[in-house]
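In what follows, a single structure is set out as structure tokens and then discussed.
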Amino acid sequence: MSESSTGGSYGKAGFTRRRFIIGTAGVSAVAALGGTVVRAPRAVASGAPSGPPTTTLPLPTTTKPEQLLLTWGGDPATEVTVSWSAPGTVAQPAPTLAVSAQPITAHNPGRLVKMPDPKPLDVTQRYGEAASVSFTDGLNGQTTYFYHVQLKGLKPGTRYYYQVTDGASEPSTAGSSFETAPSGRAKFRFSSYGDLATPSWDLNTSGNIWHESCDNSWYAVTAIESPGDGKGAPLFHLLNGDLCYANLDVDNAPGVWRDFGNNVARSAANRPWMPALGNHECEFGTDTISGHPGKAAGGIAAQGAAGNYWNGPYGFGHYLSRFLLPDNGVTNWDGNRLRGNFYAFQVGTVTFISLDADDVIYQDGAANHVIDTANTPPETTTTGASIPNGTTTYTRFYTGGLRSDAKNNSLVPDYASGQPNLQTIWLERTLARARRDPSVDMIVVFMHQCAMSTSVPGNGSDLGIRQAWLPLFDKYEVDLVLSGHEHDYERTYPVRGYDTGAHGTVAAPNPGQTKGAAVDTRRPSVAATEPHDFNGTPAWNTAEGTVYLVLGGGGTNGPTNTYGTDAADDKPQAKVITTRNAVVGSEAAGFVKNGADSIEDAPWSAAINPADAYGYSIFDVDPGRHRGETTITFQYFAIPAVTNEAGSAHDGTTTLPTQPTEKFVFGRRVGRR
Ligand SMILES: [Fe+2]
Ligand SMILES: [Fe+2]
């Protein structure tokens, strides 16, 4: 390795390099960082399954509440939504929630909320304070149940205790406590990563291994409850998409979601977990894209052939059943309310915006049946659903169209079509409001796919995000953009605007492209390569440019932390997706799917981590004393891959470092006098 530096050394010298490669290869870096070996508590298990099941496995018929999940309401200082699930395919008999500012006991039963009878997911409807939602998976027919209580009128910065009960003749209970967000200018801590997946067999409630199972997923949740710096758990967590990869286990999506729900509940029962939609939240099913049952003659088996591939609205049925998120107030052109698809909330002096980049990216989704073998049969499931070979999900523009603004190489809402892109309109309105608001100093956007990534085995940078949203991030000076999608870590320099001209080259042409042709990738312009100093910590001024962080190292078993360099000059190089990736072939010959079509030199790439794919980020927000003085101290803690990461059992231990691999301050006044 030509450049390296031990983590935890934050000397100025390390940051004069154009590209600071953190850590050193192998486990020696971990030893240098210090840390504690963690072994998860394990049930006595007879042995690991050999791999993911290929038939639908039954879910429990018990009703003991589990998968406890907290999310913020519209105002995190006064509104928290408490959610939970039944374990399997039987609704809870008479579920209730009790909540109180004091521990719930026989003498303090708290305020009791009785849950209504469950109704099938219907996102055209508004939800009351208490909602019970059922969702029937389109591929395996299992119906699962989710319960949501939207608590409002809470006191800021206050701990509340809650307990949920199934109402069975011998009732089962579960509960925890949480803290509401502080009001006004206050310090707080949040955390983030994406691409969490599920642990393996004996760390899963079910005892199964799923397609992306890896025990790093277990340790990632552990780390949020006990961050390495010893300064305590965050107020809330941002989960940047690709939650559990249920769409890869087509016979058992509800079972995968259940194991995900129980793994994250170890933290999400105690503090809000705020998700963003990723490509693996979009699932095959038998509905139309709006979520209505397909009407193809011949029943479920004919739905695939009729083009009905969606599990609930836009394939997001499980996600929208499980999470009742802040309401953006937007109703889609098809009549579905888009609550939870994208949303915003404010904590202290920071506005947080969750986006669904599936709506603007060129690349396709992650529900795929694309096999390069001749005469591959359709993907069939327990219920007889039938997905032909060569099928991929594609939801681009599902909230309306964007049109090209050639002068700026951008995409803008297409009003002339009569159905302009509602998410992008909402985004601009939300950003403008936040920047006008004197109580907001900084804006943090989180989404799944990447505007900038140099991962080689990963997906690459998507021009669609650059064209649709980076002009808005520039105009309203978004401070940080967090993503996942790549299963690794990467940080950019602050960027603002773009380098005009064609800085890309077509490398893997889609139909209509020519290999070697120049292409304008709207490459973001580097605003600064030298950090300022903020009380001894390197600091980036985000008023000069937006910093993009790829934080996709939650815990999947498919790390992508190998990064591109231009062989000619050894400088960073990125794959860029500039057109829809083509699926080409035929039933008779089989199908193949193209990856990213182009490459560009990537001077914006400031840091990568070839040593460890996994990790979590801790952000400490300090509002300072006056308007505009907010700083966010960022620490990235790498987590080494578990032992036996790729073994048949995917079962192992790891070390949770006590020192961050990177630490920076972000602020809009840093470096100014
Ligand atoms: Fe992922
Ligand atoms: Fe992804």
Side-chain angles (χ1 to χ4, degrees), residues 52 192-199 210-214 216-217 220-221 238-249 253 256-257 259-260 263-264 275-284 314-316 318-319 341-342 354-368 370 392-396 446-462 464-465 481-490 548-563 574-577 580-581 593 595-596 609 612-617 639 641 645 650:
S192 183
Y193 49 64
D195 307 78
L196 180 60
T198 45
W210 308 114
H211 273 86
E212 292 292 308
S213 280
C214 171
N216 273 98
S217 176
V221 176
L238 306 179
L239 185 54
N240 310 331
D242 281 5
L243 279 56
C244 67
Y245 300 82
N247 67 355
L248 298 179
D249 286 278
V256 181
W257 278 106
D259 283 340
F260 160 82
N263 184 39
V264 302
L277 276 164
N279 54 321
H280 281 281
E281 277 60 74
C282 181
E283 300 172 2
F284 280 149
Y314 327 115
F316 298 148
H318 276 293
Y319 180 96
N341 296 55
F342 47 91
S354 173
L355 297 177
D356 180 12
D358 295 301
D359 195 17
V360 302
I361 52 174
Y362 282 105
Q363 66 197 285
D364 63 4
N368 289 289
V370 180
T392 65
T393 49
Y394 202 67
T395 52
R396 188 165 194 245
F446 61 112
M447 64 172 122
H448 181 60
Q449 291 90 344
C450 303
M452 277 169 276
S453 159
T454 64
S455 173
V456 172
N459 300 279
S461 314
D462 200 297
I465 301 171
V481 176
L482 318 181
S483 69
H485 200 39
E486 312 290 50
H487 304 157
D488 58 34
Y489 175 75
E490 187 156 11
Y548 291 71
L549 298 168
V550 179
L551 308 173
T556 80
N557 64 13
T560 65
N561 58 326
T562 303
Y563 304 85
K575 300 193 299 187
V576 189
I577 303 141
R580 179 174 178 175
N581 49 327
K593 191 173 83 160
N609 189 357
D612 295 305
Y614 304 100
Y616 63 101
S617 296
I639 302 177
E645 178 195 23
H650 306 304

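Computed over heavy atoms, backbone and side chain alike; hydrogens, waters and symmetry mates excluded. Atoms within a ligand are numbered from 1 in the order they appear, just like the ligands themselves.
- Using bins of under 30°, 30° to 60° and over 60° for the plane-to-plane angle, the ring pair Y245/H487 lands in the perpendicular bin.
- In this structure a side-chain-to-backbone donor-acceptor pair under 3.5 Å is missing from D612 to Y614.
- With the Fe ion (ligand 1) as the vertex, OH (Y245) and NE2 (H487) define an angle of 90°, rounded to 10°.
- Taking A276 as the reference, S354, F446 meet the side chain to side chain contact (heavy atoms under 4.5 Å, CB included) condition, with sequence neighbours excluded.
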Step by step, would you call T454 with E490 a side-chain contact (heavy atoms from CB on, under 4.5 Å)? CA-CA 8 Å; T454 64; E490 187 156 11; 2.8 Å; yes
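- A donor-acceptor pair shorter than 3.5 Å can be found between the side chains of E486 and S453.
- Protein atoms of type N, O or S found under 2.8 Å from the Fe ion (ligand 2) total 4.
- Q449 pairs with exactly one of D358, D242, N459 by the side chain to side chain donor-acceptor pair (under 3.5 Å) rule, that one being D358.
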